Amino acid sequence: MRTLTVTIATWNINSVRLRENLVCRLLEEEQPDILCLQELKSVEELVRTDGFARLGYRHCVLRGQKAYNGVAIVSRLPLEDLGSRDFLGRGEARHVAARLENGMVIENFYVPAGGDEPDRTVNPKFGDKLDFVGAMRDWSHRDAPTRTVLVGDLNIAPLEHDVWSHRQLLKVVSHTPIETDLLNSVIEAGNWTDVVRSDIPEGKLYSWWSYRARDWNASDRGRRLDHIWATSDLVGTFHSSRILREVRGWDRPSDHVPVFASFDG
DNA sequence: ATGGTAGGTCTCCTA
């Protein structure tokens, strides 16, 4: 009997047109079966996918938008496009889903960053973020997904060791209790498992470092904003999670790095 | 306590 292992990666690319070469480099060097991208910052017509196809990644579902957002699932395995949900009802390209031939479903999300002030009465963008994640919770509860992997830039670092300083970030958008409580309510509603934290339970773990640091590597003020979750029926199949920190040191990098996990069956 | 960088676009938005 043969077991098929599927390796899934997620990466906020921060402009797919500017960094098409970095996407190709990652595909060549790491050979994931599936790469989920966020922040394409492009309309669909201007995204070049022929370079990905030449490397064997011939399947792609993509939702684009001018200048902002945008998500894609690039794959060397055939994909069925399952469409996208518009949680805020404004036509923003923040979600797309696809099904593999083995029945696994990939849900790729780009959650709103939420602005600077963690108070929805003065900062509507923070309200949008809470509404979006609340809608993810309602969807998780209502649809009760199975055989599903949820990935993406969720723009929330839920655990103490998902940020460089828990104490100093409690009032900083991405790590406030209102956000981390809400994200935990999504996990409860869908009975999701945080795959990467299950694989790597101990120690600091980051997937994003600000562009604004003088030396991102030396100061190491990171946050784990990018996630891979799985439904409970996939518990026991996942392994080999890793976060590719070194990609932050590539030439003209994204501020996020790729996160990987593998699934058997 | 503050300001720092990056990308896309149409002169400033978002992250």
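Throughout, a chain's letter reflects where its sequence line sits, starting with A, and its residues are numbered from 1. Computed from a predicted model, the values in this text were never measured in an experiment.
Spacing between atom CD of Glu39(A) and atom C1' of dT9(B) amounts to 15 Å, rounded to whole angstrom units. When rounded to the nearest whole Å, the span between OH of Tyr211(A) and C1' of dT14(B) equals 13 Å. One can place CH2 of Trp216(A) at 14 Å from P of dA6(B), the figure rounded to the nearest angstrom. Taking atom CG on Asp153(A) and atom C1' on dT14(B), their separation rounds to 13 Å, with Å as the unit. Here the P atom of nucleotide dA15(B) and the CG atom of Asp226(A) are 14 Å apart, to the nearest Å. Following rounding to the nearest Å, Glu20(A) (CD) and dG7(B) (C1') show an atom-to-atom distance of 17 Å. Trp208(A) has its CH2 atom 8 Å from the C1' atom of dA15(B), to the nearest Å. Protein atom CG of Asn69(A) is 12 Å distant from nucleotide atom C1' of dC13(B), rounded to whole Å.
Side-chain N or O atoms of Tyr206(A) include none that pairs as donor or acceptor with a backbone N or O of Arg221(A) at under 3.5 Å. A donor-acceptor distance shorter than 3.5 angstrom exists from the side chain of Arg19(A) to the backbone of Pro253(A), with no hydrogens or angles considered. Counting only distance, with no hydrogens or angles, the side chain of Asp162(A) and the backbone of Leu159(A) share a donor-acceptor pair below 3.5 Å.
Nucleic acid contact for Arg252(A): sugar-phosphate only, since backbone atoms but no base atoms lie under 4.0 Å from a heavy atom of the residue. Among the heavy atoms of the strands lying under 4.0 Å from Arg94(A) are primed sugar atoms or P, OP1, OP2 only; no base atom is included.
For dA15(B), neither phosphate oxygen OP1 nor OP2 lies less than 4.0 angstrom from any side-chain nitrogen or oxygen of Arg212(A). For the OP1/OP2 pair of dG7(B) and a distance below 4.0 Å, the side-chain nitrogens and oxygens of Arg19(A) include at least one atom meeting the criterion. Listed pair Lys125(A) / dT14(B) meets the phosphate criterion, a side-chain N or O lying under 4.0 Å from OP1 or OP2.
Rounded to a whole angstrom, the distance from the P atom of dT2(B) to that of dA15(B) is 23 Å. Between dT14(B) and dT9(B), the two C1' atoms lie 12 Å apart (nearest whole Å). Between dT11(B) and dG7(B), the two C1' atoms lie 15 Å apart (nearest whole Å).
Aromatic ring pairs are classed by plane angle as parallel below 30°, tilted from 30° to 60° and perpendicular above 60°; the pair Trp11(A) and Trp250(A) is perpendicular.
For the contact set between residues 9-17 of chain A and DNA chain B, defined by any heavy atom under 4.0 Å, the members are Asn14(A), Ser15(A), Arg17(A).
If you find the closest nucleotide of DNA chain B to Leu40(A) and to Asp255(A), the one lying nearer the 5' end belongs to Leu40(A).
Closest to the side chain of Ala67(A), out of dT9(B), dG7(B), dA15(B), is dT9(B).
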Does His227(A) form a side-chain contact (heavy atoms from CB on, under 4.5 Å) with Val196(A)? I'd like the steps, not just the answer. CA-CA 7 Å; His227(A) 299 273; Val196(A) 174; over 6 Å; no

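Listed by chain and residue number, Phe87(A) satisfy the ring pair (Phe, Tyr, Trp, His ring centres under 6.0 Å) test with Phe132(A) (two or more places apart in sequence, or in another chain).
For the pair Arg85(A) and Trp139(A), the cation-pi criterion (under 6.0 Å, within 45° of the ring axis) is fulfilled.
In summary, the side chains of Lys41(A) and Asn14(A) do present a donor paired with an acceptor at a separation below 3.5 Å, with no hydrogens or angles considered.
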